[in-house]
Amino acid sequence: VQLQASGGGLVQAGGSLRLSCAAYGQSIGSYVVGWFRQAPGKEREFVAALTQSGSTTTYAESVKGRFTISRDNAKNTGYLQMNSLKPEDTAVYYCAIVRTVYGSSYLPLDPGRYDYWGQGTQVTVSS
């Protein structure tokens, strides 16, 4: 499976961006979709994750209420809608997927649990 993340860019504080994660080579219908980010000099951190069906989500406290994760299995694509962006959201954002049992509500926060990763897309929020 190959993942391609896109949609990053430069935005002013308070603005919005929508990241996309397109999958190629295999359906992502059996996978949890996760988003992570990594700022310069910092470790990669969890942002959000979504179950196969899209019925269960989890978010990092720092983005809760501002970011929304979603997926369109028919388009084999995951999304991260980011609103009310802050300068501290500046980072390279990565999408990742991990296969789980169908119907499971398990949403791993540890990046080491994920099987496939996209190449990352830069998000820069200016103050």
Side-chain angles (χ1 to χ4, degrees):
V1 180
Q2 291 187 334
L3 303 178
Q4 184 172 351
S6 61
L10 173 64
V11 64
Q12 289 188 332
S16 298
L17 285 173
R18 188 194 195 201
L19 305 185
S20 297
C21 177
Y24 302 93
Q26 194 172 129
S27 170
I28 61 170
S30 301
Y31 293 83
V32 161
V33 175
W35 287 93
F36 294 79
R37 66 186 181 186
Q38 188 166 17
K42 294 187 177 181
E43 293 187 352
R44 191 168 298 188
E45 64 173 1
F46 171 80
V47 175
L50 177 69
T51 53
Q52 299 168 0
S53 65
S55 61
T56 303
T57 59
T58 189
Y59 297 90
E61 284 297 322
S62 59
V63 308
K64 200 172 289 185
R66 299 188 297 122
F67 290 12
T68 302
I69 188 172
S70 62
R71 64 192 297 160
D72 186 337
N73 288 342
K75 294 183 178 179
N76 227 27
T77 301
Y79 303 98
L80 185 68
Q81 177 68 43
M82 305 186 296
N83 299 328
S84 303
L85 282 162
K86 304 176 181 179
E88 52 263 44
D89 294 319
T90 295
V92 178
Y93 283 72
Y94 299 88
C95 61
I97 60 174
V98 56
R99 183 182 288 273
T100 59
V101 174
Y102 182 79
S104 171
S105 60
Y106 173 57
L107 291 171
L109 310 186
D110 180 357
R113 297 286 186 180
Y114 286 77
D115 298 325
Y116 301 98
W117 289 83
Q119 84 284 8
T121 184
Q122 176 70 47
V123 171
T124 303
V125 184
S126 63
S127 57

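What you are looking at is a predicted structure, and each value in this text was computed from that prediction instead of being measured. We number each residue from 1, following the sequence as shown.
- Residues Phe67 and Leu19 share a hydrophobic cluster, clusters being chains of Ile/Leu/Val/Met/Phe/Trp/Tyr side chains in contact below 4.5 Å.
- Ser20 OG to Leu3 CG: the interatomic distance, rounded to the nearest 0.5 Å, is 12.5 Å.
- Contact detail for Phe46 and Thr58: the closest heavy-atom pair is CZ-CG2, 3.5 Å.
- For the pair Val1/Asp115, no side-chain contact is recorded, criterion being any heavy-atom separation below 4.5 Å from C-beta on.
- No donor-acceptor pair closer than 3.5 Å links the side chain of Gln38 to the backbone N or O of Ala91.
- Using modelled atom types, one finds no donor on one side chain facing an acceptor on the other under 3.5 Å when comparing Gln4 with Ser6.
- For Glu61, the salt bridge (Lys or Arg N to Asp or Glu O under 4.0 Å) test picks out Lys64, with sequence neighbours left out.
- For the residue pair Ala48 and Tyr59, the shortest heavy atom distance occurs at CB-CD2, 3.6 Å.
- At least one donor-acceptor pair under 3.5 Å links the side chain of Thr51 to the backbone N or O of Thr56.
- Remark: side-chain polar atoms of Asn76 are paired, donor with acceptor, to backbone N or O of Ala23 under 3.5 angstrom.
- The structure places CZ of Arg18 at 6.0 Å from OG of Ser70, a figure rounded to the nearest 0.5 Å.
- When all heavy atoms of Trp35 and Cys21 are compared, the closest pair comes out as CZ2-CB, 3.6 Å.
- Every residue meeting the side chain to side chain donor-acceptor pair (under 3.5 Å) condition with Arg37, not counting sequence neighbours, appears here in chain and number order: Glu45, Ser62, Asp89, Tyr93.
- The aromatic rings of Trp117 and Tyr94 lie perpendicular to each other, with more than 60° between the two planes, well past the 30° mark.
- A donor and an acceptor atom, one from each side chain of Gln52 and Thr100, are located under 3.5 Å apart.
- Minimum heavy-atom separation, Ser84 to Arg66: O-NH1, 2.9 Å.
- Leu85 contributes atom CG, which lies 8.5 Å from atom OG1 of Thr90 (distance to the nearest 0.5 angstrom).
- Between the side chains of Tyr116 and Gln26, not a single donor N or O lies within less than 3.5 Å of an accepting N or O.
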